[in-house]
Amino acid sequence: MHFTSEAMKFLRGLARNNDREWFEARRDVYERALKAPMLALVDEINAAMVEFAPEHVRPPHKVVMRIYRDIRFSPNKQPYKTHLAAWWARRGMEKTSGGGFYLQISPQQVMVAAGVYMPEREQLLTIRRWMSAHHESYRASLKKLLKARGAGFELSDDAEALTRMPKGFAKDDPADELVRAKSWGVRSLLPAEAVLETTLSREIARRFRMVAPLIDTLNGAILHREDDAASERSMSGSMSGSMSGRKPLF
């Protein structure tokens, strides 16, 4: 599945006329030339991901992100995004951050990315602790990805990274920038013309496959900590139950 020049023309026009009147007058174009092809594209990518990331496969309408912007707390009151996007969260992590796969399509470029982006507080601390203990293996995995031929991976931007080590971590922690980060991941930028090619879904899925082990590692760190926490709660509950009804020793 791929897009047509009509779809990119629509997005360029939306960037110049980001208002409801313009959008509603062309809603039929959006539905036919952008929304429908995007859902079909995700469906094709899903078919490939069954082999290497089955826990991330979800119905296309759950993966494709809304084109409507949330302007409630934003100074930017433009109602629409000027790109198409999709986010493949791991099953069970849909409402939290976790590691996932991301796709963004615009008239300027196609961004294929994967990682953990701005996780909630508990996940953030969990990943930082994991990075502190496993930075060598993580860096080795990153190095391999960044050197992969024909993929063009680079580190994702992390504008929110701390300038100092967070509380609880040593100033000379060898994990340094990995601990100070608030996001971890990579991205690959394809030229705008890629959206017109019949190989679009294949190129996206190929990159997702390459980065899947990194996503499994990041999610594994989160899930392992959650399992430990659940075990601690279960044990605490069992001990509390076994003590109920007993007379105090003193």
Side-chain angles (χ1 to χ4, degrees), residues 53 55-56 58 65 70 72-76 85 87-104 111-148 153-188 207-208 210-243:
E55 293 296 327
H56 291 264
R58 303 172 65 206
M65 302 175 76
D70 185 352
R72 291 174 298 173
F73 309 107
S74 173
N76 180 358
W87 170 248
W88 284 261
R90 190 185 192 281
R91 194 171 301 127
M93 290 183 169
E94 296 92 339
K95 295 183 179 180
T96 62
S97 301
F101 303 85
Y102 179 71
L103 172 65
Q104 181 173 302
M111 180 193 298
V112 182
V116 176
Y117 303 99
M118 301 293 289
E120 58 188 25
R121 185 175 180 179
E122 288 187 6
Q123 287 187 357
L124 178 63
L125 180 57
T126 294
I127 295 177
R128 282 176 168 166
R129 287 174 173 168
W130 186 91
M131 288 293 175
S132 182
H134 302 89
H135 61 93
E136 291 183 351
S137 60
Y138 183 77
R139 284 195 175 105
S141 298
L142 273 183
K143 185 177 181 180
K144 183 178 180 181
L145 268 177
L146 298 180
K147 286 188 174 182
F153 282 119
E154 61 184 24
L155 293 178
S156 297
D157 292 335
D158 186 9
E160 301 296 324
L162 301 177
T163 56
R164 298 180 181 179
M165 294 295 282
K167 184 179 180 180
F169 294 88
K171 293 182 179 180
D172 59 349
D173 191 311
D176 191 30
E177 81 286 355
L178 296 176
V179 172
R180 290 188 289 104
K182 288 189 177 181
S183 297
W184 299 265
V186 296
R187 67 179 185 179
S188 177
R207 286 165 173 78
F208 280 177
M210 295 172 71
V211 79
L214 191 72
I215 299 306
D216 287 343
T217 295
L218 291 170
N219 281 332
I222 296 171
L223 294 171
H224 179 71
R225 178 67 188 91
E226 290 178 349
D227 289 343
D228 287 348
S231 297
E232 290 174 4
R233 289 193 296 270
S234 177
M235 184 174 294
S236 176
S238 298
M239 292 180 66
S240 176
S242 65
M243 293 296 289

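Since this is a predicted model, take the numbers as computed values, not measurements. Atoms considered below: every heavy atom in the structure, side chains included; atoms not considered: hydrogens, waters and symmetry mates.
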**Message:** Run Leu178 and Trp130 through side-chain contact (heavy atoms from CB on, under 4.5 Å) and show every step you take.
**Reply:** CA-CA 10 Å; Leu178 296 176; Trp130 186 91; over 6 Å; no
**Asked** In chain order, what residues pass the side chain to side chain contact (heavy atoms under 4.5 Å, CB included) check against Asp216, with sequence neighbours excluded?
**Response** none
**Prompt:** Given the rule in the side-chain contact (heavy atoms from CB on, under 4.5 Å) test, do Met93 and Ile222 qualify, once you have shown the distances and angles that lead to the verdict?
**Reply:** CA-CA 10 Å; Met93 290 183 169; Ile222 296 171; 3.8 Å; yes
**Prompt:** Taking the side chain as C-beta and beyond, is there a heavy-atom pair between Asp176 and Met165 under 4.5 Å?
**Reply:** yes
**Asked** Any salt bridge (Lys or Arg N to Asp or Glu O under 4.0 Å) pairs touching residues 156-174, not counting sequence neighbours?
**Response** Asp157-Arg187
**Phe153 vs Lys147, side-chain contact (heavy atoms from CB on, under 4.5 Å): CA-CA, chis, key distance, verdict** = CA-CA 8 Å; Phe153 282 119; Lys147 286 188 174 182; over 6 Å; no
**Asked** Taking everything shown except Glu94 itself, do over 12 heavy atoms lie less than 6.0 Å from its CD?
**Response** yes
**Message:** Are Trp88 and Phe208 an aromatic pair, judged by ring center distance below 6.0 Å?
**Reply:** yes
**Prompt:** Going by heavy atoms in the side chains, are Arg139 and Met131 under 4.5 Å from each other?
**Reply:** no
**Prompt:** Taking atom CG of Leu218 and atom CH2 of Trp184, what is their separation to the nearest 0.5 Å?
**Reply:** 8.5 Å
**Message:** Please check this pair: side chain of Ser132 against backbone of Arg128, looking for a donor-acceptor N/O pair closer than 3.5 Å.
**Reply:** no
**Request:** Would you please classify the geometry between the Tyr102 ring and the Trp87 ring as parallel, tilted or perpendicular, with 30° and 60° separating the classes?
**Result:** tilted
**Request:** Would you check if Leu223 and Arg90 make a side-chain contact, meaning some heavy-atom pair closer than 4.5 Å?
**Result:** yes
**Asked** Partners of Ala53 by side chain to side chain contact (heavy atoms under 4.5 Å, CB included), sequence neighbours excluded?
**Response** Met49, His56, Phe101
